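Here's the structure, in structure tokens; my notes come after.
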Amino acid sequence: MEEAIITLRRQMSEIISELWHGKEVTEQLIRKYDHQHLNQSYSSLHESETHQFLASKILSSFEKTLSMLSSSGFMVCYPIHPTTTSLPDQDCTEQCSKKRKISSLRWNEQVRVCPGRVERPPVAVDGHSWRKYGQKQILGGNFPRGYYRCAHRDSQGCLATKQLQQSDHDPTIFPVNHRGTHTCSHLEPIMISVEELRDLKSDHRHHHQQQQEMERARVF
DNA sequence: ATGATTTGACCCGC
DNA sequence: GCGGGTCAAATCAT
Ligand SMILES: [Zn+2]
């Protein structure tokens, strides 16, 4: 039983890596289409737009699958990749030596993204799901600072928060300021998903029964 | 219809 | 009053 779960975990992480890969390649494809669209190297503009539309459908299919896994309680971490790395920052140690309780839960990291992915901040690369709740221009910074909180704040009272602000000097660097650690559980949703699976199976049966009955009814 | 993002308003400490 | 952080209504996406 225990072993089966370990095996499942490993298989799931391979599946998730593959999904990330598909998502990434599709993003490359979309960028390529954008480029071609700009240069109008297509004879038909409609054809180009159709390709872009289909590619975006593929992308959202990958993203939907990933988010379904995530909301089912699986850790959907971005796999280690040569062009995308997350470096822990040094100063996370003892700037919090004062009387502050909360500050002990603060740390920084620098997320570097590949040059093609500079437009959108790398919010989900840590495997947690976040909700943006604010954005602000900060003095001396050209890029706005984005404020994110854990998506399970209401459902599980998780108070984890982070701020992202693209670096002015190197736009491929996104310094992240974490505030608070996650108290949300990933195990509970997994248990629930097992229950749901059972329900889904019976629902399916019912659905099939209903369908068969309807087919039968149509025949007669 | 539901859920997520956007964005100006609002709040709080200095 | 000013700058940084959060709220929430309007808007956007699915
Ligand atoms: Zn959390």
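Since the model is a prediction, treat every value here as computed from it, not as a measurement. All chains are named by letter (A, B, ...) in the order of the sequence lines, taking the proteins before the strands, and each is independently numbered beginning at 1.
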Give a yes or no on whether the backbone of [Y] and the side-chain of [X] come within a donor-acceptor separation of less than 3.5 Å.
{"X": "A/Gln163", "Y": "A/Tyr147", "answer": "no"}
{"X": "A/Gln165", "Y": "A/Phe143", "answer": "yes"}
{"X": "A/Thr65", "Y": "A/Ser61", "answer": "yes"}
{"X": "A/Lys162", "Y": "A/Val123", "answer": "yes"}

Send over the distance from [X] [atom1] to [N] [atom2], rounded to a whole Å.
{"X": "A/Arg153", "N": "B/dA4", "atom1": "CZ", "atom2": "C1'", "value": "14 Å"}
{"X": "A/Ile138", "N": "C/dG3", "atom1": "CD1", "atom2": "C1'", "value": "8 Å"}
{"X": "A/Leu159", "N": "C/dG5", "atom1": "CG", "atom2": "C1'", "value": "15 Å"}
{"X": "A/Lys162", "N": "C/dG5", "atom1": "NZ", "atom2": "C1'", "value": "17 Å"}
{"X": "A/Gln163", "N": "C/dG3", "atom1": "CD", "atom2": "P", "value": "17 Å"}
{"X": "A/Gln165", "N": "C/dG4", "atom1": "CD", "atom2": "C1'", "value": "11 Å"}

* Asked: Looking at C/dT6, C/dG3, C/dG5, which one has an atom nearest to any side-chain atom of A/Arg145?
  ->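 Selected nucleotide (nearest to the side chain): C/dG5.
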* Could you check which of B/dT5, C/dG5, C/dT6 has an atom nearest any side-chain atom of A/Arg131? =>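 Minimum distance to the A/Arg131 side chain belongs to B/dT5.
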* Asked: Does A/Lys64 have any side-chain contact (heavy atoms from CB on, under 4.5 Å) partners at least two apart in sequence or in another chain, and if so, which?
  ->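 For A/Lys64, the residues satisfying side-chain contact (heavy atoms from CB on, under 4.5 Å) (neighbours in sequence not counted) are A/Met68.
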* Residue-level proximity of residues 54-65 of chain A to DNA chain C when a heavy atom falls under 4.0 Å ->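 Contacts with DNA chain C under 4.0 Å: none.
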Pick out the pairs of N or O atoms, protein on one side and nucleotides 6-10 of chain B on the other, that lie under 3.5 Å.
| from | atom 1 | to | atom 2 | distance (Å) |
| --- | --- | --- | --- | --- |
| B/dT6 | OP2 | A/Lys132 | NZ | 3.3 |

Quick one: does [X]'s side chain get under 4.5 Å of [Y]'s, heavy atoms only?
{"X": "A/Asn142", "Y": "A/Gln137", "answer": "no"}
{"X": "A/Glu109", "Y": "A/His178", "answer": "yes"}
{"X": "A/Trp107", "Y": "A/Thr181", "answer": "yes"}

* If only side-chain N and O atoms of A/Arg179 are considered, is one of them under 4.0 Å from the OP1 or OP2 phosphate oxygen of C/dG5? ->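 Answer yes for this pair, as a side-chain N or O of A/Arg179 is under 4.0 Å from OP1 or OP2.
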* List the atom of A/Thr161, the atom of A/Tyr133, and the distance in Å for their closest heavy-atom pair. =>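 Nearest heavy atoms, A/Thr161 then A/Tyr133: CG2-OH, 4.0 Å.
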